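A, B, ... follow the sequence lines: proteins, then strands. Residue 1 opens every chain. Predicted model, so just to flag it, every value in this text is computed and none were measured.
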Amino acid sequence: MLDPSPILERDFYNRPALQVARELLGMRLVRSEDGRRVGGIILETEAYRGEEDLGCHCKAGRTPRTAVMYGQPGHVYVYFTYGMHWMLNFVVEQSGFPAAVLIRAILPDVGLDLIEARRGTQPRQLWTNGPAKICQALRIDKSFNGVDLCETTGNLWVEAGQPVFDTSVTTGPRVGLNKVPEPWKSIPWRFLAAESGVG
DNA sequence: AGCACGATTAACT
DNA sequence: GTTAATCGTGCTC
């Protein structure tokens, strides 16, 4: 489980955002930090796709911030919000079409001492159960924006994991889009894996 | 140049 | 349930 597994290749990301978001459940997010591996099993994701998706930053079109989402799939989109938090996303779908998957929760399984050093003020269940918490735990910030997930030199990638079956997956509206108009506010583009359904 | 707000979190009452 | 923290981004003037 803690040994390295095959790294997901670009073809995995070069597919519809909803499909990638669903299939990322059970895969392993790994960050290489000073030669040490830190990460865990992906438990929650959200899909954002297209300029017509008013919940997606791409609704504003191509800007300096959103440019990476228009690029090659399999790259990282990191943005800053609420004046203090970083958010980790994976660019998906074909080059030229803006789409991304937000990583909202993982189950830590490697580098636990490093994660505890940053999140130990909270109970273990709260270490990485939010998008900004993951970035804090894995020390992911602006410097990761644009990194290629398909090259280990980027120090961030996704490894094959255990499949999560449909009986362990629930969907629902994306979180935090309170002022976004329908249907985008309620469209069920959030994917959650039951913790009992992994590992 | 100024402004309102945000794909959140933690600490309150 | 409510709210402060805190600043990059995109929009308006």
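- Taking atom C1' in both B/dA7 and C/dG1, the straight-line distance is 22 Å, to the nearest Å.
- Comparing A/Met87 and A/Thr121 along DNA chain B, the residue whose closest nucleotide (by nearest heavy atom) sits nearer the 5' end is A/Met87.
- Rounded to an integer number of Å, the gap from NZ of A/Lys59 to P of B/dA7 is 7 Å.
- Side-chain proximity of A/Met69 to the nucleotides B/dC5, C/dG10, B/dA7 is greatest for B/dA7.
- Between A/Arg36 and A/Asp113 a salt bridge is recorded (basic side-chain N to carboxylate O distance below 4.0 Å).
- Phosphate contact (OP1/OP2 of B/dA7, side-chain N/O of A/His57, threshold under 4.0 Å): present.
- Considering only side-chain atoms of A/Met84, the nucleotide from C/dT6, C/dG8, B/dT8 that sits closest is C/dT6.
- Residue A/Arg190 is out of contact with every strand shown, counting any heavy-atom pair closer than 4.0 Å.
- Minimum atom distance to the side chain of A/Phe80 is reached by C/dC7, of the listed B/dA10, C/dC7, B/dT8.
- When distances are taken from the side chain of A/Tyr82 to each of B/dA7, B/dT8, C/dG10, the shortest belongs to B/dT8.
- Using a 4.0 Å heavy-atom criterion, one finds that A/Arg65 contacts the sugar-phosphate atoms exclusively.
- Residue A/Thr66 has its side chain nearest to C/dG10 when only C/dG10, B/dT9, B/dA10 are considered.
- Rounded to whole Å, the distance from CH2 on A/Trp86 to C1' on C/dC7 is 10 Å.
- Regarding contacts with the backbone of B/dT8, a side-chain N or O of A/Arg104 is found under 4.0 angstrom from either OP1 or OP2.
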For A/Leu88 and A/Val78: C-alpha separation, side-chain torsions, deciding distance, then whether side-chain contact (heavy atoms from CB on, under 4.5 Å) applies.
CA-CA 5 Å; A/Leu88 172 66; A/Val78 175; 4.2 Å; yes
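- For A/Ala60, taking side-chain heavy atoms from C-beta onward, the closest of the listed nucleotides C/dC11, B/dA10, B/dA7 is C/dC11.
- Between A/Asp109 and A/Arg37 there is no salt bridge, since none of the side-chain N atoms of the basic residue sits less than 4.0 Å from a carboxylate O of the acidic one.
- Contact annotation for A/Gly176: backbone-only contact, meaning every heavy-atom pair under 4.0 Å involves sugar-phosphate atoms and none involves a base.
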Here DNA chain B, pairs taken as Watson-Crick or G-U under 3.5 Å and shown with ( ), [ ] when crossing and | when to another strand, reads ||||||.|||||.
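- For the pairing with A/Leu177, the side chain to side chain contact (heavy atoms under 4.5 Å, CB included) check across A/Trp184, A/Trp189, A/Tyr48 returns one residue only, A/Tyr48.
- The residue among A/Leu126 and A/Val175 whose nearest nucleotide of DNA chain B is located toward the 5' end is A/Val175.
- At whole-Å resolution of the value, CG in A/Leu177 and P in B/dA7 are 7 Å apart.
- Comparing B/dT9, B/dC5, C/dC11 against the side chain of A/Lys179 picks out B/dC5 as the nearest.
- Classification of A/Glu33 and A/Arg118 as a salt-bridged pair holds, one side-chain N sitting under 4.0 Å from a carboxylate O.
- In terms of position on DNA chain C, the residue among A/Lys142 and A/Gly83 whose nearest nucleotide sits closer to the 5' end is A/Gly83.
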Would A/Leu29 and A/Leu156 satisfy side-chain contact (heavy atoms from CB on, under 4.5 Å), going step by step from the backbone distance to the final call?
CA-CA 8 Å; A/Leu29 174 67; A/Leu156 188 67; 3.9 Å; yes
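- Side-chain contact between A/Asn155 and A/Val147 is absent, with no heavy-atom pair separated by less than 4.5 Å.
- Judged by ring centres under 5.5 Å apart and planes tilted less than 30 degrees, A/Tyr48 stacks against the six-membered base ring of B/dA7.
- In the set C/dG10, B/dT8, B/dA10, the nucleotide with an atom closest to the side chain of A/Gln122 is B/dA10.
- Note: A/Tyr77 and A/His57 have perpendicular aromatic rings, judged against thresholds of 30 and 60 degrees for the angle between ring planes.
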